[in-house]
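Working notes, beginning with the structure itself.
Index from 1, following the sequence.
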Amino acid sequence: VQLVESGGGLVQAGGSLRLSCAASGRIFSINHMGWHRQAPGKQRELVALITSGGDTNYASSVKGRFTISRDNAKNTVYLQMNSLKPEDTAVYYCNDISDDYWGKGTLVTVSS
């Protein structure tokens, strides 16, 4: 099983990024998926999750700004991040919640 994130980078405050997580080696559509992040010196936190049925949930800090979605035909989960703030700077990790697999992460840096 592999989860490979992409789409991170440097963006100015107020900008947008879309993260992608491509899953291989498993039946993707039946699993719940999530995005977590870890900022320097802080614990890893759950940012957003999407169930196999498409229900979503968000951390209060990103609600209204971030959108998680999935394309089961492409075995991919996305995180659209809008109105980015410097405090969103972190390494973002894709997570197969159902079977506890993790990607290696992608760095998002938001400059003020």
Side-chain angles (χ1 to χ4, degrees):
V1 176
Q2 277 193 317
L3 299 175
V4 180
E5 302 99 335
S6 61
L10 173 64
V11 63
Q12 287 188 332
S16 299
L17 284 175
R18 188 176 82 153
L19 305 183
S20 300
C21 171
S24 62
R26 63 168 298 99
I27 303 174
F28 175 80
S29 62
I30 63 173
N31 279 30
H32 305 329
M33 301 294 295
W35 285 96
H36 300 244
R37 68 185 181 187
Q38 188 166 20
K42 295 187 177 181
Q43 289 188 330
R44 191 173 298 188
E45 62 172 349
L46 176 65
V47 173
L49 66 87
I50 184 166
T51 69
S52 58
D55 294 326
T56 59
N57 201 5
Y58 299 91
S60 57
S61 58
V62 307
K63 195 172 293 184
R65 300 188 297 122
F66 290 11
T67 303
I68 189 171
S69 61
R70 65 192 299 161
D71 185 337
N72 291 335
K74 294 182 178 180
N75 280 10
T76 301
V77 62
Y78 304 96
L79 185 68
Q80 177 67 44
M81 307 185 294
N82 299 328
S83 302
L84 282 161
K85 304 175 181 180
E87 50 263 43
D88 295 318
T89 294
V91 178
Y92 284 72
Y93 298 90
C94 179
N95 169 227
D96 178 331
I97 295 173
S98 298
D99 290 330
D100 198 26
Y101 290 109
W102 292 83
K104 293 183 177 180
T106 185
L107 177 63
V108 172
T109 304
V110 184
S111 63
S112 57

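Considering L17, L84, L10 in turn, L84 is the only one that fulfils the side chain to side chain contact (heavy atoms under 4.5 Å, CB included) rule with V110.
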Below 3.5 Å, can you tabulate the donor-acceptor pairs from side chains in residues 52-59 to any protein atom, sequence neighbours excluded?
{"unit_1": "Y58", "atom_1": "OH", "unit_2": "I68", "atom_2": "N", "d": "2.9"}

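The line from SG of C21 to OH of Y92 is 15.0 Å long, rounded to the nearest 0.5 Å. Here the straight-line distance linking atom CD of Q43 with atom CD of Q38 works out to 8.5 Å at 0.5 Å rounding. In this structure, OG1 in T76 is found 12.5 Å from CG in L19, a value given to the nearest 0.5 Å. Atom OH of residue Y78 and atom SG of residue C94 lie 11.5 Å apart, to the nearest 0.5 angstrom. Rounded to the nearest 0.5 Å, atoms CG (N31) and CD1 (I50) are 12.5 Å apart. Interatomic distance, NE2 of H32 versus CG of N95, reported as 12.0 Å (0.5 Å rounding).
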Quick one, E5 with S20, criterion side-chain contact (heavy atoms from CB on, under 4.5 Å). Give me CA distance, side-chain angles, the key distance, then yes/no. CA-CA 6 Å; E5 302 99 335; S20 300; over 6 Å; no
Can you list the steps and then say if E87 with T89 is a side-chain contact (heavy atoms from CB on, under 4.5 Å)? CA-CA 5 Å; E87 50 263 43; T89 294; over 6 Å; no
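A continuous path of hydrophobic side-chain contacts links M33 to F66 [ILVMFWY only; heavy atoms under 4.5 Å].
The shortest side-chain heavy-atom distance between V77 and W35 falls under the 4.5 Å cut-off. Looking at W102 and R44, their side chains come closer than 4.5 Å, going by heavy atoms from C-beta outward. Looking only at side-chain heavy atoms (C-beta outward), Y101 and Q2 stay at 4.5 Å or farther from each other.
Remark: E45 pairs with R37 by the salt bridge (Lys or Arg N to Asp or Glu O under 4.0 Å) rule, at least two apart or across chains. D96 is linked by a salt bridge (Lys or Arg N to Asp or Glu O under 4.0 Å) to R26, counting only residues two or more places apart in sequence or in another chain. By the side chain to side chain donor-acceptor pair (under 3.5 Å) test, S16 pairs with N82, sequence neighbours left out.
S112 and A13 make their closest contact through CA-CB, 4.4 Å (heavy atoms, listed as atom of the first residue, atom of the second, distance). Between V47 and V62, the shortest heavy-atom distance links the atoms O-CG2, 3.6 Å.
Applying the salt bridge (charged side-chain N to carboxylate O under 4.0 Å, His left out) definition to pairs two or more places apart or across chains, those involving residues 56-76 are R65-D88.
The hydrophobic cluster containing L49 also includes L46, I97, under a criterion of side-chain heavy atoms closer than 4.5 Å among ILVMFWY residues, counted directly or through chains of members.
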